[in-house]
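Down below is the structure, laid out as structure tokens.
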Amino acid sequence: MFSKKMMDHCENPRNVGSLDENDKNVGSGMVGSPVCGDMLKFYLKIENNIITDVKFKTFGCGGAISSSSLMTEKIMGKTIEEALKVKNKELVEELELPKLKIHCSVMAEEAIEKAVENYREKNK
Ligand code: FES
């Protein structure tokens with residue numbers, strides 16, 4: 001039922017962990033899903049507008065884990081603007097997420113937006 005790529009990201013999630021939130025260059029964003037009540041947190045390290053490190057933690061399902069893991073691969077080394085353009089639809093397509101798991105991928109997109117907001121707030 002699940003795609004190979006999704007299983008791979010679930011079994012070996014990339015960039016799991018956290019970054020130091022006291023660091024001025026680190027922005028973090030936490031999102032809870034209204035559908036299932038699961039949570040997801042992203043940490044972005046941003047230097048000269050480039051994402052130089054990214055980590056995530058989730059108390060979510062395989063859909064959330066694989067979406068977050070793929071998201072970290074996609075945005076590493078990108079500019080903030082490029083990272084914000086990565087939409088959940090892209091994750092859904094590449095991971096072939098079943099309909100019931102689409103909301104899980106939305107959390108990854110929203111967590112990035114929140115982490116960028118947090119970073120900008122800190123560096124105003
Ligand atoms: Fe809750 Fe997927 S994140 S069901």
Side-chain angles (χ1 to χ4, degrees):
M1 169 193 180
F2 296 130
S3 74
K4 252 193 172 161
K5 188 159 181 171
M6 179 180 170
M7 293 302 288
D8 175 40
H9 278 278
C10 284
E11 279 165 14
N12 305 294
R14 332 293 199 249
N15 304 304
V16 173
S18 58
L19 297 173
D20 180 11
E21 287 181 85
N22 293 321
D23 185 339
K24 219 173 166 295
N25 291 321
V26 171
S28 65
M30 189 153 81
V31 176
S33 167
V35 182
C36 63
D38 291 335
M39 308 241 285
L40 171 63
K41 188 164 183 179
F42 258 87
Y43 303 82
L44 302 177
K45 180 158 187 159
I46 301 170
E47 289 160 306
N48 298 322
N49 204 45
I50 304 281
I51 297 170
T52 55
D53 203 3
V54 45
K55 293 270 186 288
F56 80 93
K57 274 185 186 168
T58 182
F59 304 97
C61 70
I65 297 169
S66 55
S67 300
S68 305
S69 172
L70 181 59
M71 181 60 109
T72 65
E73 283 188 338
K74 283 185 172 287
I75 65 173
M76 188 83 83
K78 296 250 171 88
T79 63
I80 294 180
E81 293 72 24
E82 285 167 343
L84 290 173
K85 279 195 198 131
V86 181
K87 297 297 173 197
N88 86 297
K89 195 169 171 270
E90 214 173 304
L91 307 171
V92 171
E93 283 171 7
E94 281 187 37
L95 296 166
E96 297 172 52
L97 292 182
K99 257 211 176 90
L100 276 171
K101 296 285 168 198
I102 291 178
H103 74 271
C104 321
S105 69
V106 173
M107 286 205 289
E109 182 187 316
E110 288 178 355
I112 298 296
E113 283 165 12
K114 284 206 172 168
V116 167
E117 235 171 71
N118 176 243
Y119 166 80
R120 286 182 171 154
E121 196 60 36
K122 271 180 162 176
N123 288 280
K124 265 208 287 217

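For the numbers below, each heavy atom of this structure counts, side chains included, while hydrogens, waters and symmetry mates do not.
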Straight-line distance of [X] [atom1] to [Y] [atom2], nearest 0.5 Å:
X      : Y     : atom1 : atom2 : result
Met71  : Phe42 : CE    : CZ    : 6.0 Å
Asp23  : Asp53 : CG    : CG    : 10.0 Å
His9   : Leu70 : NE2   : CG    : 4.5 Å
Met107 : Lys41 : CE    : NZ    : 14.5 Å
Asn49  : Ile80 : CG    : CD1   : 4.5 Å
Lys55  : Leu44 : NZ    : CG    : 11.5 Å

Please determine whether the number of non-hydrogen atoms from other residues, nucleotides or ligands lying under 6.0 Å from atom [atom1] of [X] exceeds 12.
X     : atom1 : value
Leu84 : CG    : yes
Lys85 : NZ    : no
Asn48 : CG    : no

[Y] backbone acceptor or donor facing [X] side chain under 3.5 Å:
X     : Y     : result
Ser66 : Gly62 : yes
Ser67 : Ala64 : no
Thr58 : Ile65 : no

[X]/[Y] ion pair, N-O < 4.0 Å:
X     : Y     : value
Glu94 : Lys5  : yes
Glu93 : Lys89 : yes
Arg14 : Asp8  : yes

Hydrophobic cluster identity match, [X] and [Y], side-chain contacts under 4.5 Å:
X      : Y      : result
Val106 : Val92  : no
Val54  : Tyr43  : no
Leu19  : Ile112 : no
Phe59  : Val16  : no

Taking all atoms of both residues into account, what is the closest heavy-atom pair of [X] and [Y], and its distance?
X      : Y      : answer
Ala83  : Lys78  : N-CB, 4.4 Å
Leu91  : Ser105 : CD1-O, 4.0 Å
Cys104 : Leu100 : SG-O, 4.5 Å

* To do: Taking the side chain as every heavy atom from C-beta outward, state whether Leu95 and Lys101 have any atom pair closer than 4.5 Å.
  => no
* Please examine the side chains of Ile75 and Val86, heavy atoms only from C-beta on, and report whether any two atoms are closer than 4.5 Å. =>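 Yes, side chains in contact.
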Which donor-acceptor pairs under 3.5 Å do side chains of residues 24-39 form with protein atoms, sequence neighbours excluded?
unit_1, atom_1, unit_2, atom_2, d
Lys24, NZ, Asn123, OD1, 3.2
Ser28, OG, Glu21, OE1, 2.8
Ser33, OG, Val35, N, 3.1
Ser33, OG, Cys36, N, 3.3

* Do Glu110 and Asn88 have side-chain atoms, one donor and one acceptor, less than 3.5 Å apart? -> no
